[in-house]
Amino acid sequence: MQSYTIGQAARLLGVSPDTARRWADAGRVATHRDESGRRLIDGRDLAAFSIEIAQGGGSGDDDPSYTSARNAFPGIVTAVKLGDVAAQVEIQAGPHRLVSLLTREAVEELGLEVGMQATARVKSTNVHIDRI
């Protein structure tokens, strides 16, 4: 199972490393130490925590950034559902939950599993931008 440093987890959750460190210190997400003493978060724990954060209405950071998100969403795989031919993969990229339908063969070739890092790329002919 892949593990993530506090900095990597922060990037995937869309928060600062200080925020991720505070969450770990408060016990909101479990960590363990590697042989060099770095704190790591298990991929499955990070996936579950990313869903919790997204459902909780935000990350708890200051004001959200105002940006037109480009078409690449780096995140963490939170669910993989395999059918006979098709598959559904969910990625939590910061506050964004992306769901993709693709072939089972593609999922198997990529070796996608819950807890691993992946990037969802979106191609669209129509993009809506909202400023909150």
Side-chain angles (χ1 to χ4, degrees):
M1 171 54 55
Q2 185 168 353
S3 293
Y4 298 91
T5 65
I6 296 289
Q8 291 170 323
R11 185 176 59 76
L12 293 169
L13 294 170
V15 299
S16 71
D18 286 337
T19 296
R21 200 171 290 109
R22 282 192 302 272
W23 286 340
D25 290 344
R28 291 190 63 191
V29 62
T31 63
H32 63 279
R33 297 208 180 255
D34 67 6
E35 58 278 349
S36 61
R38 294 182 309 167
R39 282 198 298 183
L40 300 175
I41 302 170
D42 179 75
R44 287 192 183 275
D45 292 338
L46 184 58
F49 185 63
S50 70
I51 293 170
E52 176 187 324
I53 293 299
Q55 291 174 342
S59 62
D61 265 356
D62 299 329
D63 294 332
S65 60
Y66 298 104
T67 181
S68 172
R70 302 235 176 196
N71 63 343
F73 294 87
I76 185 165
V77 176
T78 57
V80 176
K81 298 173 186 158
L82 296 174
D84 292 337
V85 176
Q88 178 178 312
V89 176
E90 295 182 22
I91 293 177
Q92 192 70 43
H96 309 288
R97 176 179 165 259
L98 295 110
V99 180
S100 178
L101 299 175
L102 55 162
T103 65
R104 179 186 179 121
E105 180 181 10
V107 171
E108 290 171 346
E109 283 179 9
L110 292 170
L112 295 177
E113 296 179 350
V114 170
M116 71 185 313
Q117 187 174 347
T119 299
R121 297 201 182 270
V122 179
K123 182 177 179 183
S124 177
T125 57
N126 191 4
V127 177
H128 299 267
I129 301 171
D130 296 333
R131 184 170 191 264
I132 299 173

How long is the span from the [atom1] atom in [X] to the [atom2] atom in [Y], to the nearest 0.5 Å?
| X | Y | atom1 | atom2 | value |
| --- | --- | --- | --- | --- |
| D34 | R39 | CG | CZ | 12.0 Å |
| H32 | R38 | NE2 | CZ | 10.0 Å |
| I6 | D25 | CD1 | CG | 7.5 Å |

I need the minimum non-hydrogen distance between [X] and [Y], along with the two atoms involved.
| X | Y | answer |
| --- | --- | --- |
| D42 | S3 | CA-OG, 4.0 Å |
| A30 | D45 | CB-OD2, 4.0 Å |
| I76 | G43 | CD1-O, 3.5 Å |
| V107 | A87 | CG2-CB, 3.6 Å |
| A47 | S50 | O-OG, 2.7 Å |

Checklist entry - If you measure from the Lys or Arg side-chain nitrogens to the Asp or Glu carboxylate oxygens, is any gap between R21 and D18 under 4.0 Å? => result yes

Does the side chain of [X] reach to within under 4.5 Å of the side chain of [Y], using non-hydrogen atoms?
| X | Y | answer |
| --- | --- | --- |
| R28 | I53 | yes |
| T5 | L40 | yes |
| L46 | L13 | yes |
| F73 | I91 | no |
| V15 | W23 | yes |

Side-chain atoms of residues 97-106: list all donor-acceptor pairs with protein atoms under 3.5 Å, sequence neighbours left out, distances to 0.1 Å.
from: R97; atom 1: NE; to: E90; atom 2: OE1; distance (Å): 3.2
from: R97; atom 1: NH2; to: E90; atom 2: OE2; distance (Å): 3.3
from: T103; atom 1: OG1; to: A106; atom 2: N; distance (Å): 3.0
from: R104; atom 1: NE; to: E108; atom 2: OE2; distance (Å): 2.7
from: R104; atom 1: NH1; to: G83; atom 2: O; distance (Å): 2.8
from: R104; atom 1: NH2; to: E108; atom 2: OE2; distance (Å): 3.4

Donor-acceptor pairs under 3.5 angstrom involving side-chain atoms of residues 113-121: please list them, not counting sequence neighbours.
none

Checklist entry - Distance-only, no hydrogens or angles: does the E35 side chain make a donor-acceptor pair with backbone N or O of G37 under 3.5 Å? => result no

